[in-house]
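Down below is the structure, laid out as C-alpha cells.
Just so you know, these numbers come straight off a predicted model, no measurement behind them. All heavy atoms count here, side chains included; hydrogens, waters and symmetry mates do not. For this chain, numbers begin at 1 and follow the sequence in order.
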Amino acid sequence: MFDNLYKSAEARCEADWLIGMNLSRAYTLLMNRAGYDKVINIGRVMTPTMCLVVNREHDINAFTPTTHYKLEVNFQHQNGLLKTKLNNNDLANDKGYILDKQILINIQNDLINTNPENILISKYDVVLKKERQKLPYSLSKLQIEAGKKYGYSPQKVLDICQELYEKKFTTYPRSDCDYLPQNQFDNAYIILENLKNEFPTLVKECSLDIKSPAWNDKKITAHHAIIPTTLKVNKSILSKECFNIYTMIALSYIAQFYPVHTYNQTNIEVKILEKNYVFTATGKTILDIGWRKLYSSDDNNKENLIPICKEGDNLIYLASNITENITKPPKRFTTSTLLEAMKNINKYVVNPKYKNLLKTTCGIGTEATRAGIIDKLIDKGFLELNKNNLYPTKISIYLNNILPKEIKEPDLTAIWEDWLTQINEGTLDVNKFNHNQIALIKNAIDFTKTVKIKSFNESSYSCPYCNSSLRLITLKDKSKVWICLNKDNCKKGFFSNLNNKPVLISCPNCKTGYLKKRKGSKGYFWSCDNYPTCKTTFSDKNGKPAIK
C-alpha cells in the first residue's frame with residue numbers, strides 16, 4: 001500500500017543528497033577561485049529559494065515609480081447614491097494607467113454639462129454567490145496565515161504545532177493535506193463538546209447536520225488536515241503563542257459546521273452616451289454570513305452599498321474626485337511569504353510551458369522541510385532577516401549571477417516535485433527521475449570548469465599580468481602571499497605587506513616586469529620577474545626593494 005510512497009521519499013532523499021554533496025563541493029571550489037573561502041551550500045530546493053529573494057531585490061532596485069490618476073464619480077439614483085470609477089481602457093496605457101491628469105479634468109467638465117437623459121445604467125447584473133467553508137489547515141497554510149496574523153516565523157509555527165501534537169491537543173502537524181477522512185466525522189460531537197470550554201458561543205451555533213466538503217477520502221494523502229483531537233485543551237499549560245495557534249486550528253474546524261457564506265454580487269456599468277465614457281461599480285450584499293462570522297474581525301473591506309436599480313435607469317451626476325496614485329515596488333519577502341512562494345511556485349516559473357502544468361503541483365520542498373530551508377539560508381549567510389523582511393547577501397547575489405539556470409530557477413525543481421508526486425501515485429518510473437538528477441549534476445559540474453568569474457571581494461587586486469583576481473593566502477610559516485586565481489595560465493604570486501596588500505612594484509629598468517621578493521643564501525632580495533631577459537636586482541630594506 002505504501003510502496004510508492006516509500007519510492008518517492010527515497011528518490012527525494014537520494015536526489016537531495018547527490019545534488020548537495022556534489023554541487024556544494026564543486027561550487028565551493030569555484031568560489032575559492034574567486035577569493036571566497038567559505039563553504040557554498042547548493043541544494044535542489046534551497047538554491048532556487050535563495051534566488052527568489054535575489055530576483056525580488058533586483059526587481060525592487062530596478063523599479064521605477066509611475067504617477068497615474070483615477071477618477072471617482074458619484075451619481076444619484078432615485079433609490080440612493082451610486083459610487084463608481086472611470087473604466088475606459090482606451091484612455092490608459094498598456095499597463096492600464098492614465099498618466100495625463102488633464103484627460104480626467106476634461107471628463108469632469110463634460111460631466112457637469114451632461115444631461116441626465118444621457119447618463120444611464122447600461123448593465124446591471126446580480127449573481128447569487130455561495131462560498132464554501134474554509135478548509136482546515138495543512139501545515140503550510142497555517143504557517144502562512146499565522147505569519148500574516150501574528151508575525152510568527154514558519155519554524156516557530158512548526159515548533160508550536162509539534163508541541164501541541166506532543167501534548168495530544170492537535171493531530172499530526174507535518175501534513176500537506178487540508179481535507180479529512182469520512183470516518184473522522186464520527187469524532188465531531190466529542191471534539192465540539194470539548195471546544196465549548198474555550199469557544200462556547202461559537203460552538204453553540206454549530207450544526208452536525210452540516211457536512212462541509214472537507215470530508216473527502218479521495219483527497220487524503222499520507223496524513224489528513226491539522227485539527228483538534230478528542231482531548232480537551234488545558235489552556236493553563238499553554239503559552240500565549242501556543243493558544244493562538246490552537247485557536248486558529250479550532251476555528252478552522254468549527255467552521256466546517258457553519259452554513260456556507262451566501263451573498264449577492266452586483267456589477268453595474270454606467271455609460272455617458274454623448275462621450276462614450278464608461279463607469280463601473282461593484283457591490284456585495286450579504287444574505288447569510290455563515291462561516292465567515294468566525295472571521296468577521298479579519299474582514300476589513302467595507303463593501304460598496306449599491307441601491308436597488310435596473311438596466312436603463314437614468315442617473316444624475318453629483319460630484320467627482322481625481323486621485324493621484326504612485327505605483328509601488330514589489331514587497332520584499334518575509335519568511336511567511338517566501339514559504340507561500342515555495343508552495344505556489346508556479347507563479348515564479350519562467351518557462352510558460354511549465355507554468356500551467358505546475359498550477360496543480362505541491363510546490364518545491366515539503367511541509368516538513370520548507371521552514372528549515374529558509375532558516376538554513378539565513379544561518380548560512382545567504383539571506384538576512386531585518387525587521388521581518390528578507391534581504392539577499394553579497395554572496396547570494398554573486399551566486400545568482402554565475403549559477404546555471406537549471407540550478408537557480410525553480411522551473412526544473414518544481415517539475416521534479418511534480419514527478420515525485422507521480423512516483424507516489426505510481427504513474428512514473430523512479431529510474432527516469434534518477435537519470436535526470438545525475439544528468440543535471442554532470443552538466444552543473446562541467447559548467448564550473450568553463451564559467452568566467454570575477455573576484456568576490458571588492459578589496460581584492462588584479463594580477464598585473466593576466467588581469468585575473470588575486471587571492472590572499474596564508475602559508476605554513478604564517479607568512480601571507482597573494483596568488484593569481486588564473487592557476488592554469490598564469491600562476492603568478494606576490495608578497496603581502498603589513499597592511500595585507502599585494503606588493504606590486506614595477507621594475508624601474510625594463511618597465512614591463514614586476515619586482516618580486518626572493519630568498520637567497522644571504523637573506524631576502526628583490527629581482528625582476530622578467531629574468532633572464534631583465535637581470536635587475538635590489539637588496540631588501542625593511543621589506544621593500546632598496547631602489548635609489
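- Under the salt bridge (charged side-chain N to carboxylate O under 4.0 Å, His left out) criterion, K148 pairs with E340, sequence neighbours left out.
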Under the criterion salt bridge (charged side-chain N to carboxylate O under 4.0 Å, His left out), I'd like the reasoning laid out for K141 against E145: C-alpha separation, chi angles, the key distance, then a yes or no.
CA-CA 6 Å; K141 193 161 72 170; E145 291 194 16; 5.6 Å; no
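- For D159, there are no salt bridge (charged side-chain N to carboxylate O under 4.0 Å, His left out) partners, not counting sequence neighbours.
- The backbone N or O of C534 sits nowhere less than 3.5 Å from a side-chain atom of N530 that would complete a donor-acceptor pair.
- Between the NE2 atom in H68 and the CD atom in E324 there is a gap of 9.5 Å [rounded to 0.5 Å].
- Here side-chain hydrogen bond (donor to acceptor under 3.5 Å, both in side chains) pairs that include residues 400-409, with residues two or more places apart or in two chains, are N55-N400.
- Side-chain rings of F538 and F525 stay apart, their centers remaining 6.0 Å or farther from each other.
- When all heavy atoms of A146 and M248 are compared, the closest pair comes out as N-CE, 3.8 Å.
- Between Y152 and S336 the shortest heavy-atom distance is O-OG, 3.6 Å.
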Kindly indicate, with the supporting measurements, whether the criterion side chain to side chain contact (heavy atoms under 4.5 Å, CB included) is fulfilled by L52 and L338.
CA-CA 8 Å; L52 286 177; L338 182 57; 4.2 Å; yes
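- For OH of Y165, the number of neighbouring non-hydrogen atoms (other residues, nucleotides, ligands) closer than 6.0 Å is 12 at most.
- Looking only at side-chain heavy atoms (C-beta outward), Y27 and F447 come within less than 4.5 Å of each other.
- By the 6.0 Å contact criterion, OH on Y6 is open, its count of non-hydrogen atoms from other residues, nucleotides or ligands being 12 or less.
- Between the side chains of S138 and D176, no donor-acceptor pair of N or O atoms lies under 3.5 Å.
- To the nearest 0.5 Å, the span separating CD1 on I441 from CG on N436 amounts to 11.0 Å.
- Note that CG of L339 is 9.5 Å distant from OG1 of T49, once rounded to the nearest 0.5 Å.
- Residues passing the side chain to side chain donor-acceptor pair (under 3.5 Å) test with D178, sequence neighbours excluded: none.
- N22 and S24 share no side-chain donor-acceptor pair at under 3.5 Å.
- Between I345 atom CD1 and I364 atom CD1 the span is 4.0 Å, to the nearest 0.5 Å.
- Using modelled atom types, one finds a donor on one side chain and an acceptor on the other under 3.5 Å when comparing E367 with S140.
- In this structure, E241 has no salt bridge (charged side-chain N to carboxylate O under 4.0 Å, His left out) partners at least two apart in sequence or on a different chain.
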Can you check side chain to side chain contact (heavy atoms under 4.5 Å, CB included) on F382 and I395, steps first, answer last?
CA-CA 6 Å; F382 296 107; I395 181 59; 4.0 Å; yes
One pair to check against side chain to side chain contact (heavy atoms under 4.5 Å, CB included): L29 and T448. What are the steps and the verdict?
CA-CA 9 Å; L29 292 174; T448 65; over 6 Å; no
Stepwise side chain to side chain contact (heavy atoms under 4.5 Å, CB included) check, I547 with W526:
CA-CA 10 Å; I547 303 175; W526 294 78; over 6 Å; no
Is there a side-chain hydrogen bond (donor to acceptor under 3.5 Å, both in side chains) between T334 and N389 once you walk through the steps?
CA-CA 5 Å; T334 65; N389 289 321; over 6 Å; no
Is there a side-chain hydrogen bond (donor to acceptor under 3.5 Å, both in side chains) between R174 and Q162? Walk through the geometry before answering.
CA-CA 8 Å; R174 292 172 173 81; Q162 184 66 30; 2.6 Å; yes
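- Paired with T28 under the rule side-chain contact (heavy atoms from CB on, under 4.5 Å), one option of L23, V39, I42 passes, and it is V39.
- In this structure, L86 CG and I98 CD1 are separated by 5.0 Å, a value rounded to the nearest 0.5 Å.
- Between atom OG of residue S175 and atom CD1 of residue I227 there is a gap of 10.5 Å, rounded to the nearest 0.5 Å.
- Remark: Y253 engages no residue in a side chain to side chain donor-acceptor pair (under 3.5 Å) (not counting sequence neighbours).
- With a 6.0 Å radius and a threshold of 12 heavy atoms from other residues, nucleotides or ligands, R132 has its CZ atom at or below the threshold.
- A donor atom on one side chain and an acceptor atom on the other are not found under 3.5 Å apart for R370 and Q143.
- Here the closest heavy-atom approach between residue P392 and residue L383 is recorded as CA-CD2, 4.1 Å.
- Within 6.0 Å of the OH atom in Y531, the count of heavy atoms belonging to other residues, nucleotides or ligands does not exceed 12.
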